[in-house]
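Only a predicted model underlies this, so the values are computations on that prediction, with no experimental measurement involved. Only this structure's heavy atoms are used, side chains among them; waters, hydrogens and symmetry mates stay out.
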Number of protein chains: 2
Amino acid sequence: MSPRRRFALHGKPLHACAPTFAALGDEMRLRLIAALCMGGAMSITQLTSGTDITRQAITKHLGVLAAQGLVRGVKVGRERLWEFEPAQLDEARRSLESIAQQWDHALAKLKLAVED
Amino acid sequence: MSPRRRFALHGKPLHACAPTFAALGDEMRLRLIAALCMGGAMSITQLTSGTDITRQAITKHLGVLAAQGLVRGVKVGRERLWEFEPAQLDEARRSLESIAQQWDHALAKLKLAVED
DNA sequence: GTAATATGCACCCCAGAGGTTGCATATGAA
DNA sequence: TTCATATGCAACCTCTGGGGTGCATATTAC
């Protein structure tokens, strides 16, 4: 084991997750993920209906999500179906857990030092 | 139970977590959280040393994190000590878990429908 | 073949984020 | 008191992100 333990013992360093969090840091994009998660694969037109922004804006949001591997679009016929891709989201979840664990560890160490 | 189940059965709707994710969506801010998490409470000057940006920039980043309740600053003497605040981060973690669970549920339902 | 649908592409616009500099203020040290 | 340290505040700059419009292209429907 390395002498000085850092974060993210498994996987990339946590600050590498910043782009993923940034992609999740938009209300509309979270809604898109939610829709794809519940409704299965959907086309851009389907995703646009029910929102108050244009299809182009939705397209850009999907592009941002796809750039981080959070969704994937497959062309079928004249439409492109977008589906949720859970891998990166799990990675982000694990990195949050890594921080929480590190914090708990630091607290425990502090408590030991105080009681010592 | 409501007829149509939505996300975030416990807590706020998931899209309400967007500001928290946005706050986490910056490499420098993730580094700050990591530093506070491992090193305990630190002053701005301490947090600035080792980075290549100015103290003011660090101050703004801490402001963003504090606005989402991810860190908290307490004035002691002539310096202000910043410390990590795990509550909001746990909330974000739970919302990611909520999405993952919803996804698993949707997959299971789909599998059932196929086998039916 | 022609029309309607679904999407892609290229710009344009503007507010806000990230960063800097300069100066003011508060507090510990000598 | 006087100086050095730690931070706060405000103005300014630049660039990107979210959103929009217009037009081109590809497919399906008739």
Side-chain angles (χ1 to χ4, degrees), chain A residues 15-36 39-84 88 92, chain B residues 14-36 39-84 88:
Chain A
H15 61 259
C17 294
T20 301
F21 287 129
L24 295 174
D26 181 277
E27 189 174 322
M28 182 60 63
R29 287 199 286 269
L30 284 184
R31 289 182 192 275
L32 287 177
I33 287 184
L36 293 181
M42 300 174 71
S43 73
I44 295 186
T45 327
Q46 284 177 303
L47 288 170
T48 303
S49 82
T51 72
D52 54 347
I53 61 177
T54 59
R55 172 181 60 89
Q56 299 302 333
I58 299 288
T59 298
K60 288 192 184 179
H61 281 305
L62 288 172
V64 172
L65 291 174
Q68 300 308 318
L70 288 163
V71 302
R72 192 164 51 106
V74 290
K75 191 85 174 268
V76 41
R78 75 176 142 180
E79 65 187 356
R80 176 181 298 272
L81 294 184
W82 295 84
E83 54 191 4
F84 175 58
Q88 285 307 114
Chain B
L14 75 123
H15 60 260
C17 295
T20 301
F21 287 127
L24 295 174
D26 181 280
E27 190 174 321
M28 183 58 64
R29 288 200 285 270
L30 284 184
R31 289 183 192 275
L32 288 176
I33 287 184
L36 293 181
M42 300 174 72
S43 74
I44 295 187
T45 327
Q46 285 176 301
L47 288 169
T48 303
S49 81
T51 73
D52 54 347
I53 62 177
T54 59
R55 171 181 60 86
Q56 300 301 334
I58 298 288
T59 298
K60 288 192 184 179
H61 282 306
L62 288 172
V64 172
L65 291 174
Q68 299 308 318
L70 288 164
V71 302
R72 191 164 52 105
V74 290
K75 192 86 174 266
V76 39
R78 74 177 144 180
E79 64 186 356
R80 176 182 297 272
L81 294 185
W82 294 84
E83 55 189 4
F84 176 58
Q88 285 307 114

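For the pair B:Leu81 CG and D:dG8 P, the interatomic distance rounds to 11 Å; values are reported in whole Å. With rounding to whole Å, B:Leu62 atom CG is found 16 Å from D:dA6 atom P. What separates CD1 of B:Ile44 from P of D:dT5 is a distance of 17 Å, to the nearest Å.
The closest side-chain heavy-atom distance from B:Leu24 to A:Leu24 is not below 4.5 Å. Considering only heavy atoms from C-beta on, B:Leu70 stays 4.5 Å or farther from B:Arg29 through its side chain.
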Report summary line: Protein-proximity profile, nucleotides 18-29 of chain C, B/S/- by nucleotide at the 4.0 Å heavy-atom cutoff, equals SBBBB----BS-

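Contact record, B:Ala18 with A:Glu27: CB-N, 3.5 Å, taken as the closest heavy-atom pair. Shown here for A:Arg80 and A:Gly73, the closest heavy-atom pair between the two residues is NH1-O, 3.4 Å.
How far CG of B:Leu32 is from CD1 of B:Ile58: 5.0 Å, rounded to the nearest 0.5 Å. Atom-to-atom distance recorded for B:His61:NE2 and B:Ile44:CD1 is 12.5 Å, nearest 0.5 angstrom.
Phosphate proximity of D:dG8 to B:Arg80: present, with a side-chain N or O under 4.0 Å from OP1 or OP2.
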